[in-house]
Trainee: 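Can you read through this structure? Questions will come right after.
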Amino acid sequence: MSRIVIVGAGECGARAAFALREKDFDGGITLIGAEPDLPYERPPLSKEGLAAAAPPKYLADAMRYQEARITVLTNAPVARIDRDEKAVELADGRSVAYDRLLLATGARPRVFPGAPENSERIRMLRTHADALAIRAALAPGRK
Ligand SMILES: Cc1cc2nc3c(=O)[nH]c(=O)nc-3n(C[C@H](O)[C@H](O)[C@H](O)COP(=O)(O)OP(=O)(O)OC[C@H]3O[C@@H](n4cnc5c(N)ncnc54)[C@H](O)[C@@H]3O)c2cc1C
């Protein structure tokens, strides 16, 4: 049976995984993401995500992935792709074999030359954790 591995558990990766099922793909689907959360929408992070400490707006809950037979690996950055062996190697040493590979690794903010990625005065806003950190810095102690 064919196995598709999707690297990048953002909106693109998650929607691609569900779209495969909607198009009757019956093989294995593994969605691999570096972040600790299931895939979530990023736009709210710069809107309501800064106004209130809420959980991320998930694209689907764990049950929906299970029902769609989509294996989701979170906290699992891919460190290397072995194209000869058709496998991705995770930073923790695990290896996941694929027949087809989809890279949905998104984008990262550019850092100004000389500026640190995160410091007391300069902060990135890309992930749910970033939004929580900014919120905490703006209003320490506020829930
Ligand atoms: C704060 C904020 C506000 C936004 N607001 C809007 C808006 O109002 N309107 C709008 O249209 N767009 C908005 N966007 C942009 C929109 O969120 C992005 O276009 C969208 O998230 C892109 O989805 P993606 O899945 O392609 O990439 P991403 O969301 O970047 O997801 C890629 C995922 O791949 C993971 N990844 C990367 N490398 C690896 C690896 N080696 N191994 C495992 N996983 C990996 C990353 O950790 C990430 O989780 C906003 C973005 C941000 C950050």
Side-chain angles (χ1 to χ4, degrees), residues 2-25 27-140 142-143:
S2 181
R3 297 155 301 181
I4 294 186
V5 165
I6 302 171
V7 180
E11 189 152 2
C12 171
R15 290 198 190 281
F18 283 109
L20 282 163
R21 287 289 179 244
E22 283 155 22
K23 298 285 180 191
D24 297 329
F25 174 74
I29 303 176
T30 304
L31 180 59
I32 305 177
E35 292 181 60
D37 298 293
L38 287 173
Y40 58 89
E41 293 180 16
R42 292 192 201 283
L45 297 179
S46 56
K47 290 111 190 160
E48 57 265 36
L50 288 181
K57 192 162 180 232
Y58 294 111
L59 292 159
D61 61 20
M63 183 66 83
R64 270 198 65 208
Y65 290 98
Q66 209 177 321
E67 285 167 0
R69 291 177 293 120
I70 298 166
T71 302
V72 187
L73 304 182
T74 54
N75 259 332
V78 169
R80 187 170 168 266
I81 299 169
D82 186 335
R83 293 177 66 193
D84 295 328
E85 291 295 323
K86 287 195 159 189
V88 295
E89 290 173 17
L90 309 188
D92 63 11
R94 283 179 289 170
S95 175
V96 183
Y98 64 82
D99 296 298
R100 299 287 182 97
L101 180 65
L102 174 63
L103 299 181
T105 46
R108 300 177 64 133
R110 286 190 201 168
V111 183
F112 284 104
E117 271 210 14
N118 275 304
S119 69
E120 205 48 45
R121 300 185 61 192
I122 301 175
R123 288 177 188 273
M124 293 285 180
L125 176 51
R126 177 167 173 269
T127 65
H128 177 61
D130 293 338
L132 289 181
I134 290 171
R135 209 182 122 72
L138 289 175
R142 195 175 65 173
K143 292 272 181 205

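First listed ligand is number 1; within each ligand, the first listed atom is number 1.
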Trainee: Report yes if some heavy atom in the side chain of Phe18 is under 4.5 Å from a heavy atom in the side chain of Leu31; otherwise report no.
Mentor: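 Not in contact.
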Trainee: Supply the atom-to-atom distance Leu102 CG to Thr105 OG1, rounded to the nearest 0.5 angstrom.
Mentor: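 Rounded to the nearest 0.5 Å, the CG-OG1 separation comes out at 9.0 Å.
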Trainee: Distance to 0.1 Å, residue and atom name: give those for the protein heavy atom nearest to atom 34 (O) of ligand 1.
Mentor: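 Checking every protein heavy atom, the shortest distance to atom 34 (O) of ligand 1 gives Gly8 CA, 3.2 Å.
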Trainee: Side chain or backbone of Ala79 under 4.0 Å from ligand 1, or both, or neither, by non-hydrogen atoms?
Mentor: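 The answer is neither; Ala79 stays 4.0 Å or more away.
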Trainee: Nearest protein heavy-atom contact for atom 40 (C) of ligand 1: which residue, which atom, what distance?
Mentor: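 That would be Val78 N, 3.7 Å.
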Trainee: For residues 61-79, which residue pairs qualify under side chain to side chain donor-acceptor pair (under 3.5 Å), counting only residues two or more places apart or in two chains?
Mentor: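 Residue pairs passing side chain to side chain donor-acceptor pair (under 3.5 Å), neighbours aside: Asp26-Arg69.
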Trainee: Would you say atom 20 (C) of ligand 1 makes contact with the protein, given that contact here means a non-hydrogen protein atom less than 4.0 Å away?
Mentor: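 Protein heavy atoms within 4.0 Å of atom 20 (C) of ligand 1 - there are none.
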Trainee: In terms of atom number and element, which parts of ligand 1 are under 4.0 angstrom from non-hydrogen atoms of Pro77?
Mentor: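 Once the distances to Pro77 are compared, the set is 42 (N), 43 (C).
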Trainee: Nearest protein heavy-atom contact for atom 30 (O) of ligand 1: which residue, which atom, what distance?
Mentor: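 Sorting protein heavy atoms by distance from atom 30 (O) of ligand 1 puts Arg126 NH2, 3.3 Å first.
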Trainee: How far is atom 3 (C) of ligand 1 from the closest protein heavy atom, and which atom is that?
Mentor: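 The answer is Ser46 OG, 3.3 Å.
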Trainee: What are the atoms of ligand 1, with element, lying closer than 4.0 Å to any heavy atom of Glu35?
Mentor: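 So the answer, numbered in order with elements, is 47 (O), 48 (C), 49 (O).
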Trainee: Would you say Arg21's side chain and Ala68's backbone share a donor-acceptor pair under 3.5 angstrom?
Mentor: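 Yes, because the side chain of Arg21 sits within donor-acceptor range (under 3.5 Å) of the backbone of Ala68.
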Trainee: State, yes or no, whether a side-chain contact exists between Leu73 and Leu90 at a heavy-atom distance under 4.5 Å.
Mentor: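 Leu73 vs Leu90: side chains touch.
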Trainee: Could you check atom 53 (C) of ligand 1 against the protein and tell me its nearest heavy-atom contact, residue, atom and distance included?
Mentor: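 Of the protein heavy atoms, Leu125 O, 3.6 Å lies nearest.
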Trainee: Does any part of the side chain of Ile6, heavy atoms only, come nearer than 4.5 Å to the side chain of Ile70, both counted from C-beta?
Mentor: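 Result no, sub-4.5 Å side-chain heavy-atom pair not found.
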Trainee: Are any of the protein's heavy atoms under 4.0 angstrom from atom 11 (O) of ligand 1, yes or no?
Mentor: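 Within 4.0 Å: no protein heavy atom nearby.
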Trainee: To which protein heavy atom is atom 25 (O) of ligand 1 closest, and what is the distance rounded to 0.1 Å?
Mentor: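 Here the closest protein heavy atom is Cys12 N, 2.8 Å.
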Trainee: Quick test of your reading of the structure: of Pro43, Ala91, Pro44, Ala107, whose heavy atom lies closest to atom 6 (C) of ligand 1?
Mentor: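 Answer by nearest heavy atom: Pro43.
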Trainee: For atom 28 (P) of ligand 1, which of the options Glu41, Arg15, Glu11, Arg42 provides the nearest non-hydrogen atom?
Mentor: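 Looking at heavy atoms only, Arg42 sits closest to atom 28 (P) of ligand 1.
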Trainee: Restricting to non-hydrogen atoms, name the atom on Glu41 and the atom on Arg15 that form the minimum distance, rounded to 0.1 Å.
Mentor: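 Shortest heavy-atom separation between Glu41 and Arg15 comes out as OE2-NH2, 4.3 Å.
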Trainee: Around atom 44 (N) of ligand 1, find the nearest protein heavy atom and jot down its residue, atom name and distance.
Mentor: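 Looking only at protein heavy atoms, the one closest to atom 44 (N) of ligand 1 is Ala34 N, 3.1 Å.
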Trainee: Taking only residues two or more places apart in sequence, or in another chain, which ones meet Pro55 in a side-chain contact (heavy atoms from CB on, under 4.5 Å)?
Mentor: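 Residues passing side-chain contact (heavy atoms from CB on, under 4.5 Å) with Pro55: none at all.
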Trainee: With a 4.5 Å heavy-atom cut-off, do Arg3 and Ile29 have their side chains touching?
Mentor: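 Not in contact.
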Trainee: Please state which protein non-hydrogen atom is closest to atom 27 (O) of ligand 1 and give its distance, to 0.1 Å?
Mentor: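 Result: Gly106 CA, 3.2 Å.
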Trainee: Strictly by modelled atom types, are Arg42 and Tyr40 linked by a side-chain donor-acceptor pair under 3.5 Å?
Mentor: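 Arg42 vs Tyr40: donor-acceptor pair found between side chains.
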Trainee: Using non-hydrogen atoms of the residue, decide whether Lys47 is closer than 4.0 angstrom to ligand 1.
Mentor: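 Lys47 counts as a contact of ligand 1 under the 4.0 Å cut-off.
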Trainee: Determine the minimum heavy-atom distance between Pro39 and Gly10, stating which atoms define it.
Mentor: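 The answer is CB-O, 3.8 Å.
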Trainee: Heavy atoms only: which of Val88, Thr105, Asp37, Leu59 lies closest to atom 37 (C) of ligand 1?
Mentor: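 Nearest option to atom 37 (C) of ligand 1, by heavy atoms: Thr105.
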Trainee: Heavy-atom distances under 4.0 Å decide this one: backbone, side chain, both or neither, for Thr127 against ligand 1?
Mentor: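 For Thr127, no heavy atom sits under 4.0 Å from ligand 1.
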